[in-house]
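Accompanying notes for the structure given below.
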Amino acid sequence: MKLLTRLWIGALVIALIAWATWRWAAGPRTTEPTQGARIDSTSAGFKAARLFFAAPSGDSLVSETREMMEVQSLHDRVAALVRELDRGPTAGAVAALPPGTSVLHAFLDDRGTMTLDLTRAFQQGFRGGSTAEYLAVGSLVRTLGVNLPEVKRVLITCGGAPLSSLGGHLPLDRPIEVAMLP
Amino acid sequence: LKPPYGRGALAAAAGVLAVFLSSLAERPPARAAPPESAPVRESDGRTWVGANDLARLLSATKFWRHDVRKLVLRAGDHRLLLTADNPFVLIDDRTVLLPDPVRSVRGELQIPVALLESLPRDSTIARLHVDLRRGIVLQVPPDGLIGTPRIAIESDATRLVFEADQSGGTAVTSRSRAHFLVHWSGAFVGTLPDSLPAGSLVRAIRVSPAASGSTLELEVAPEAAGFRVTREPERRRVTLAFAREKRAGDESFAPEGPAGPRQLKTVAIDAGHGGSDLGVVAGGVAEKDLALTLARLVSAEITRRLAARVVLTREDDRAMTMEERAERANRARADVVLSLHFDGVPAGAARGATAFCPPATYAADPATPATPSAGAIEVLPWRDAAMRHAVESRALAERILAAIDLRMPEPTRLREMLPCPLLGVDAPGLLLECATLTSEADRARVTSGAGLSELATAIVDGIEAFQASR
């Protein structure tokens, strides 16, 4: 009986040593299962946003999903989206927004019309023809429309003043309907 | 007994093989997906969706607690707690048991799609729909889903009846018979027939994802005289009806002009930019100079080949406002207006020609009133006068682009957007970006004398084809 007890205790000790060795050899477990997520104890989290840039061929807009810090106010959300557009794509596309563009004011009325007042860099930094103009406006309006579903159309102003056109090819004196963009 | 390193090598090889096979099994299907969607992954007979994709579709904020391997998704008023290798998910104060545990694959949590059935259903959280046929999870837009249409062909009309969660977000965005566009705020999840029966007034149907919802493109027969969109929210359906004879309440298509060959008596050619407005400058070439040279070549070619008078909005290097250009074209009673430009895209590898023409949103005449007292008057601002000629403008653009395609190696594209040079112009017309100056190949071609002459010939080929056919 004593022999049996000793055998049991011996087997248990061996099993414990084997388990401890296995745990040590396995090392720490993966700690990054989800990119872009934050520790729950902080007050801010990350949220995915779809940003539209120009395809290198200039034929269309292509989207890129990016993790962005969560912000609450409409102005901050719009400003963050435009800031990411200005930062440019990470790969496979080209920036469509004139460099240095940022948001001065954003106002959304109860019918879904957003008045977006941009810095003068939007107009002064623009270079190119109709396609560059189409892609710049499309990149902006589609990004806002997709990430802020309450935005149905966007009226772009610049430096607090109305903007008739970005480069003289496409009129901006009226709001651009999100639904009219292909 | 085999040596330990032998087992390790075998295990490593098996692991590599397993990862390779799983990557094959989990590759998302290679077909076009609507914008707000994510691929599902089939593995071990189960269907999974990535945690990052799920968070994006739910517009959720993510919090990851690496010490306990828990992911919190906060969406609207709701909170989801997912734990790696655990089948229990906490949704607000409910615990849901999934058929499989949440798993970690190559650094991302994968969640069984069965979870979607247990998600809360209220206005603060997005509704998701699993479309296994297309292998996607779709974010249902606020206006819901649109299903497969039922097509009814009668002797005098063709009806397309769509099942739709909500019917409010339906709008006709192009009234052209050849490119009839209907925008839906909802997402289309049905199927469309490859071909339509004889006698149908609708010849083809295509659907494409749009910025917010879906766009349905129809090719409508020339015999159709009117159409009607009937929204029935209580029956959750929308009917598009096309009739051979226009009845009370029917809407009109966009004006198309008289049948037969077109008579072009006057052609207005507008050379873009001028004076202090250089336009695109690339490789020492200014757009304003090239546009003027091309305008003169096109003018000479038209005079030589067509019995039409040519009016140039500017004949030298001077700045002109858009209003002045439109006034010259209107005063000359131009039958077509062609605004010549050269494109530029600072970054990327853009090249080729692009035509911008007005969208066909204007109706030939207002909807026939259902009752005599309910007459409607549609006012079109003078700024938008060119919209009355949208169908003709597109026909002209298509023929010019086809002619350029035949003679030039560069790609061509057409966009429906009213351009500035056509504001206040009462004639069919287009803005033609003839080539892309920021592309070295395009620039080399159009700055050679022969290249620019060939371009002028192609443009007049297109005008001639437009004049001869309908």
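Throughout, protein chains are lettered first and strands after them, A, B, ... in sequence-line order, and every chain is numbered starting at 1.
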Residue pair [X] / [Y], side-chain donor-acceptor N/O under 3.5 Å:
{"X": "Lys70(B)", "Y": "Thr83(B)", "answer": "yes"}
{"X": "Asp270(B)", "Y": "Ser339(B)", "answer": "yes"}
{"X": "Asp343(B)", "Y": "Thr131(A)", "answer": "yes"}
{"X": "Thr157(A)", "Y": "Asp117(A)", "answer": "yes"}
{"X": "Arg153(A)", "Y": "Thr113(A)", "answer": "yes"}
{"X": "Ser165(A)", "Y": "Glu133(A)", "answer": "yes"}

Under 4.5 Å from a heavy atom of chain A, the part of [X] involved:
{"X": "Arg351(B)", "answer": "backbone"}
{"X": "Ser59(B)", "answer": "both"}
{"X": "Thr354(B)", "answer": "side chain"}

Does the side chain of Leu418(B) reach to within under 4.5 Å of the side chain of Asp384(B), using non-hydrogen atoms?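 The answer is yes, as the side chains (C-beta and beyond) meet within the 4.5 Å cut-off.
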
Which of [options] touches chain A most, by non-hydrogen pairs under 4.5 Å:
{"options": "Arg383(B), His273(B), His341(B), Glu416(B)", "answer": "Arg383(B)"}
{"options": "Ser174(B), Ala349(B), Ala347(B), Ala55(B)", "answer": "Ala349(B)"}
{"options": "Pro359(B), Cys420(B), Ala350(B)", "answer": "Cys420(B)"}

If you tally heavy-atom pairs under 4.5 Å against chain B, which of Gly138(A), Ala132(A), Gly58(A), Pro56(A) wins?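 So the answer, after comparing Gly138(A), Ala132(A), Gly58(A), Pro56(A), is Pro56(A).
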
Do you know which of Gly167(A), Ser57(A), Ala48(A) has the most heavy-atom pairs under 4.5 Å to chain B?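 So the answer, after comparing Gly167(A), Ser57(A), Ala48(A), is Ser57(A).
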
Is Pro149(A) close to chain B through its backbone or its side chain, or both, or neither, when contacts mean heavy atoms under 4.5 Å?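 The answer is neither part of Pro149(A).
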
Quick one: what part of Asp59(A) sits under 4.5 Å from any heavy atom of chain B, side chain, backbone, both or neither?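 Interface part for Asp59(A): both.
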
